[in-house]
2 protein chains.
Amino acid sequence: MGKSKAMMALLTKHRSAELPEKPRRTAPNLAKNNSLIGIAYRPGLRAAGTVRNITGNRQIYGEGEDADAFFKVVSGVVRVCTFLSDGRRQIDAFHVSGDVFGLETGKAYSLSAEAVCASTVISYRRSDLARFEESNKALSRQLLFYAMRGLARAQAHSVLLGRRTAIEKVAAFIIDWAAYSPNSNVVTLAMSRQDIADYLGLTIETVSRTFSHLEREAFIEVTTARQITLKDRRGLRDLNN
Amino acid sequence: MGKSKAMMALLTKHRSAELPEKPRRTAPNLAKNNSLIGIAYRPGLRAAGTVRNITGNRQIYGEGEDADAFFKVVSGVVRVCTFLSDGRRQIDAFHVSGDVFGLETGKAYSLSAEAVCASTVISYRRSDLARFEESNKALSRQLLFYAMRGLARAQAHSVLLGRRTAIEKVAAFIIDWAAYSPNSNVVTLAMSRQDIADYLGLTIETVSRTFSHLEREAFIEVTTARQITLKDRRGLRDLNN
DNA sequence: CGAATCTTTGATAAGGATCAACGCGCGTGG
DNA sequence: CCACGCGCGTTGATCCTTATCAAAGATTCG
């Protein structure tokens, strides 16, 4: 499939054994707009994409590689991130079922994508896409939708990174993530503290301390490291105005 | 044109008199991809968009307003930003000639857009667009291009906000902005220190101090507040690895 | 020239990073 | 089955970067 060479080398301080893989959280409702790229689901239709399973903490593609395909998440969670040469990492987004990632204007990927936990994605080759696009104008509209939504999310993320305190960042993160939890008050986190820290522009220690702080203040209960119970959803939301 | 009501109210601490408007920096090369939405330039062609002049520090649209149009910068500089209820502001991007902004998936704008200095933009009504799209499939490809480029920029910005120090942020900003300066070593800044601070997730004081620091270290010379001369471009770039 | 705004600089405070150590959970192997 | 080791997470002590508070230059414009 992809051309994955000696790419795992980057994952120095973030490597880890495969995650145990908890019960997967459900898809965020994409409403009706989700249909087109979903055609690959329908058996009988000429497969527009290739299904691919990725184990946890494995790279899907690396920055600089030939961007010959983009992807749609079927299940699991994917993180899209940048590495600085000194090991610092910034996670731009976590993608869950229904999300599209890997859209590029240029020849090469400008970021890396990795599975947070065991995940399934569908890859769509850009070359195939050109053919499809001719016949199906809805497709480019679909892609535009995904690109614009990604843009809106990235912009919201910028505010978080640039103008929020640690407490606000973590509170916002929990609330966002809670939206993907079937049981509205029990939030299962798919990612490690390091992932959360790199997403929020904090250190792992600050994230941990902030969770403890929010627990002391009775906003949440940290049942296990990966499971949070919301005790005061409104209060949590109020932390971000 | 737009429906600008009592929207200027937001601009409490960032308001200011019109800027003097220096010689405009040139457009970033968009290569060939720039053609389609540029059709409005061609006289004789049914106008696809409406030209609009905006004076400095005036709002083009506000967060929450009906997103009935998107825009392309002809000249000047536009900032796209978010306000928090307590006055904190985050600038997501500065747009210059050739850039498209205001693309939205939803009904309302999720951000505000304001002219940094006297600027000219073309607005394209989304309703008109639908008609165009039918006849011209290149258009949706164009829009996709702009959306994806915006996404890539937003992602690069996230790294800056989340994982860079003040010095790295300012150095990166100067280098980025230098790309838009005709004379490669004299950089004319269209925006205030407050704008830069809000773009980089810093305070105005830190930005100012960092400029001074970079000058002391002989990377730049701060000729006037709005004009920087690059003394050591490579060194400046090395600050970001 | 003087008012208003913007920018710079200084002194101090605070939020988060860093350094360090310990605990917990889990899988492995004796 | 228990002990051990290892990754991960939590907590503590301290440091450092950047924010905040304050005031003095610059710059612009009426």
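To find a chain, count down the sequence lines: A is the first, B the second, and so on, and within it residues start at 1. Values below: all heavy atoms of this structure, side chains included; hydrogens, waters and symmetry mates excluded.
With the nearest nucleotide of DNA chain C identified for both B/Ala225 and A/Arg164, B/Ala225 has the one nearer the 5' end. Along DNA chain D, the nucleotide nearest to A/Arg216 and the one nearest to A/Arg163 differ in position, and the one closer to the 5' end is contacted by A/Arg216.
Put simply, CD1 on B/Ile204 is 9 Å from C1' on C/dT8, counting in whole angstrom units. We find that CD of B/Glu168 is positioned 18 Å from P of D/dC16, with the value rounded to whole Å. Atoms CZ (B/Arg88) and P (D/dA19) sit 12 Å apart, rounded to a whole Å. Counting to the nearest Å, the C1' atom of C/dC6 and the CG atom of B/Leu189 are 14 Å from each other. Separating the CG atom of A/Asp198 from the P atom of D/dG9 is a distance of 12 Å, rounded to the nearest angstrom. Across the protein-nucleic acid pair, A/Leu214 atom CG and D/dT10 atom C1' stand 15 Å apart, rounded to whole Å. The separation between A/Gln227 atom CD and C/dG25 atom C1' is 15 Å, rounded to whole Å. The interatomic distance linking B/Asp195 (CG) with C/dT5 (P) rounds to 16 Å, in whole Å.
For B/Phe70 and B/Tyr146, the distance between ring centers is not under 6.0 angstrom. Aromatic rings from A/Tyr199 and A/His157 are positioned such that their centres are separated by under 6.0 Å.
Considering only side-chain atoms of B/Glu205, the nucleotide from C/dT7, D/dT20, D/dG9 that sits closest is D/dT20.
Shown are A/Asp195, A/Val116, A/Leu111, A/Val80; of these, the side chain to side chain contact (heavy atoms under 4.5 Å, CB included) with A/Ile91 is made only by A/Asp195.
The shortest distance between the side-chain N/O atoms of B/Thr206 and the OP1/OP2 oxygens of D/dT18 is not below 4.0 Å. For A/Arg226, no side-chain nitrogen or oxygen approaches OP1 or OP2 of D/dC8 to under 4.0 Å.
With contacts defined as side-chain heavy-atom distances shorter than 4.5 Å, the pair A/Leu239/A/Leu214 qualifies. Between A/Asp92 and A/Phe101 the shortest side-chain heavy-atom distance does not fall below 4.5 Å.
If you check every strand for non-hydrogen atoms under 4.0 Å, A/Ser212 touches sugar and phosphate atoms only.
At a cut-off of 3.5 angstrom, the base of D/dT20 holds at least one donor-acceptor pair with the side chain of B/Arg209.
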